[in-house]
Amino acid sequence: MHVPVLSVIVPFYNVEKYIGPCLDSIAAQTLNDLEVVCVDDGSEDGGPAVVASRQARDGRIRLIRQDNHGVGRARNVGVRQASGRYLAFVDGDDTVPRDAFGRLVASLESTGSDLACGNVMRLHRNLLVPSWAHRQAFARPRKGTHITRHPLLIRDRMLWNKVYRRSFWDELGLSFPERMYEDQPVAMAAHVGARSVDVLSRVVYHWRQRDEPGASITQRSLEPGNLRDRLLSVVQTADLLGRAAPGLKPAFDRDTMDIDMGVAVEAVATMGPSADPELLDLACHYLDGVSPQAWQSIPFERRLQVHLLHRRRLEELTDVFAQARDGRLLPEVGRAGLLRRRWHGRHPSMPARLSDVSGELRLAGRLVSLEWRDGVLHGVGRVALGRFDAARLRRVRLCVWLQERGTGETVRLSDAVSAPVWEDFERDDGDPVAEHTFPFRFAFDPETLTAAQLARHGHWDLRARLKGHGLRLDGRVAGPRWSRPLVPEPLRLPGVWVVPVRMPKGAWGLRLRTPKAVIGSCRVDGGELVCAGKISDAGDGEPVLRLRRRSDGEEMYFPVALEGREFRARVPLADIDERVGDEAWWEVLIDQGRPLRPLVRTAERPVATVADRRFLIDRDDDGGLLLAER
């Protein structure tokens with residue numbers, strides 16, 4: 001009987017839409033000598049028929065049916081049926097790059113390691129983006145390492161971006177708990193129990209983020225049963241690390257306190273005093289073993305809520321959670337200590353031992369208004385210490401300046417004493433929240449720039465510094481991208497344009513440039529983006545308008561009407577690829593065989609809703625046209 005090199009276990013349940021592409025990606029692997037053990041966990045859709053049709057065409061695919069008992073049992077059944085020398089797992093809604101298994105198995109063959117793992121991309125419809133959980137751990141390859149020598153692997157808690165040596169799997173006696181979140185304890189046990197591990201920087205797995213409401217376990221994270229299984233996995237993994245790899249537990253606790261306990265807080269705060277005592281027991285059992293350092297690793301706001309959960313003060317937790325959600329939780333920050341000055345947040349429910357916020361204070365600067373008046377750029381802004389009440393600071397020194405990237409040269413804009421005031425601030429969602437801020441204002445005359453500074457066509461960042469009472473904080477001045485103030489129009493000087501700009505994440509600055517194309521008008525008309533302007537050199541060919549998505553480089557092209565050096569283009573907004581995730585950003589270029597980044601002269605910043613899609617027409621960090629969807 002032939003023994004395949006690799007057995008791929010594919011549990012699936014109600015993923016008719018995705019199981020075909022999943023199996024096609026496995027069948028197309030460069031490693032041909034494999035078997036695919038598909039375990040239907042009682043699907044109620046057409047998924048089993050899709051698998052059966054693939055099975056009829058490919059003898060490497062097998063189909064096993066069971067009643068709905070959960071993915072843990074389905075995986076255990078698959079492992080028992082597997083005969084390969086190596087094991088891999090793929091969820092039925094994900095896909096695998098063509099050379100993934102070949103690379104992982106080849107690595108194990110060359111090093112003799114027990115386990116090989118690789119990088120991961122999140123799959124949002126047709127867009128691949130890096131997985132935050134894997135980005136750092138898999139930044140560069142490492143052969144024959146171990147999680148104790150490469151502790152960033154503590155975030156690699158998923159099962160499916162790996163190939164396991166079957167003899168190692170059996171020797172360790174690995175099996176899956178029959179519940180949700182069953183993969184974390186197994187993945188961590190494999191990492192800890194392996195003699196050596198190969199880390200590949202190449203992407204070996206595409207982890208799908210599904211759109212359907214309630215389609216995945218994580219989308220149902222607040223359900224009591226879901227939370228119970230999540231906490232059981234947390235407790236099981238924490239106990240494993242405490243016994244077998246205590247040096248890794250602090251890193252595990254830092255992530256768990258931030259992510260898993262954040263979910264627990266939200267779920268329990270929603271349930272209120274009626275929360276299941278068993279859930280509280282599980283959370284408190286875990287929290288009893290968390291070190292003071294891990295407690296301090298999470299922000300004050302989250303720390304306070306987790307503390308109330310730990311102490312089972314559920315009514316207070318519900319109230320504090322609502323305050324934090326609505327932006328009303330603003331603890332006063334003050335200084336403590338004689339020899340070693342530290343900063344503490346003050347809240348009646350927070351014990352002093354958990355109140356240190358010294359490493360958490362950040363300067364959060366934003367503009368309230370920015371406009372040209374008689375050739376001078378006037379700005380009004382605020383800085384805050386994050387979500388804290390700064391009344392105890394009373395008066396501080398506040399300096400604002402422009403700093404050129406590359407050279408580090410600075411232009412001071414203002415330097416004055418400032419006292420904190422309360423004001424309402426509009427969040428990204430449009431809701432106002434109170435904020436304790438230190439005001440500033442400045443006036444910048446571009447004529448004060450030297451000839452050398454103008455000639456460099458540099459990029460200048462707007463920065464601020466708060467100093468006083470032993471505290472010194474620096475930061476960039478930013479603000480929500482979709483709210484006011486508007487980005488002012490560029491100002492023309494001899495030989496150069498001075499362009500106020502705002503980065504995609506909201507940071508303000510100035511850009512000096514000499515464009516080869518200029519957009520003089522930009523508006524939305526009948527669901528179309530209409531822009532017109534001039535090109536310095538019309539050239540011989542017909543130009544096109546090119547949209548390039550920043551996240552992945554995806555491009556779309558639209559015709560341009562050219563008369564002499566004047567151009568006009570229309571972009572049907574409903575035809576643009578739908579956004580994936582919270583926002584999508586498209587740079588707009590004029591393509592004449594070479595890309596031209598047109599400068600937008602207009603101060604207009606239209607927001608339009610087309611076919612239930614919301615678009616913002618803005619300027620990017622180079623003064624060019626930027627189309628955003630949110």
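FYI, side chains are in, hydrogens and waters are out, and symmetry mates aren't considered; it's all heavy atoms of this structure. Since the model is a prediction, treat every value here as computed from it, not as a measurement.
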To the nearest 0.5 angstrom, please state how far the [atom1] atom of [X] sits from the [atom2] atom of [Y].
| X | Y | atom1 | atom2 | value |
| --- | --- | --- | --- | --- |
| Gln592 | Ile535 | CD | CD1 | 4.5 Å |
| Asp229 | Met180 | CG | CE | 4.5 Å |
| Asp94 | Arg122 | CG | CZ | 8.0 Å |
| Leu510 | His459 | CG | NE2 | 8.0 Å |
| Leu625 | Ile519 | CG | CD1 | 4.5 Å |
| Asn161 | Met121 | CG | CE | 13.5 Å |

Under 3.5 Å donor-acceptor, Asp45 side chain and Glu16 backbone: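 Looks like yes, one N/O pair under 3.5 Å.
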Backbone N/O of Glu447 and side chain of Asp445: donor-acceptor pair under 3.5 Å: yes
Geometric cation-pi criterion Arg513 and Trp497, 6.0 Å radius, 45° cone: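 No cation-pi geometry.
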Indicate yes or no: does [X] engage [Y] in a salt bridge with an N to O separation below 4.0 Å.
| X | Y | value |
| --- | --- | --- |
| Arg597 | Asp591 | no |
| Asp461 | Arg405 | yes |
| Arg230 | Asp260 | yes |
| Asp99 | Arg202 | yes |
| Asp474 | Arg465 | yes |
| Arg502 | Asp621 | no |
| Arg570 | Asp525 | yes |
| Glu266 | Arg325 | no |

Set of side-chain contact (heavy atoms from CB on, under 4.5 Å) partners for Pro420, sequence neighbours left out: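 side-chain contact (heavy atoms from CB on, under 4.5 Å) check on Pro420 returns His436, Phe438.
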Partner set under side-chain contact (heavy atoms from CB on, under 4.5 Å) for Glu301, not counting sequence neighbours: Gln305, Ala324, Leu329
By side-chain hydrogen bond (donor to acceptor under 3.5 Å, both in side chains), which residues pair with [X], not counting sequence neighbours?
| X | result |
| --- | --- |
| Arg463 | none |
| Arg548 | Glu587 |
| Asp24 | Arg54 |

Stepwise salt bridge (Lys or Arg N to Asp or Glu O under 4.0 Å) check, Asp258 with Arg302: CA-CA 8 Å; Asp258 185 36; Arg302 174 66 51 76; 3.4 Å; yes
Table please: side-chain donor-acceptor pairs of residues 365-373 below 3.5 Å, with sequence neighbours left out.
unit_1	atom_1	unit_2	atom_2	d
Arg366	NE	Glu435	OE1	3.2
Arg366	NH2	Glu423	OE2	2.6
Arg366	NH2	Glu435	OE1	3.3
Glu371	OE2	Arg373	NH1	2.7
Trp372	NE1	Glu489	O	2.7
Arg373	NH2	His378	ND1	3.1

Stepwise side chain to side chain donor-acceptor pair (under 3.5 Å) check, Tyr205 with Asn119: CA-CA 7 Å; Tyr205 200 82; Asn119 214 337; over 6 Å; no
Donor-acceptor side-chain pairing of Gln209 and Trp207 below 3.5 angstrom: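 Result is no, nothing qualifies.
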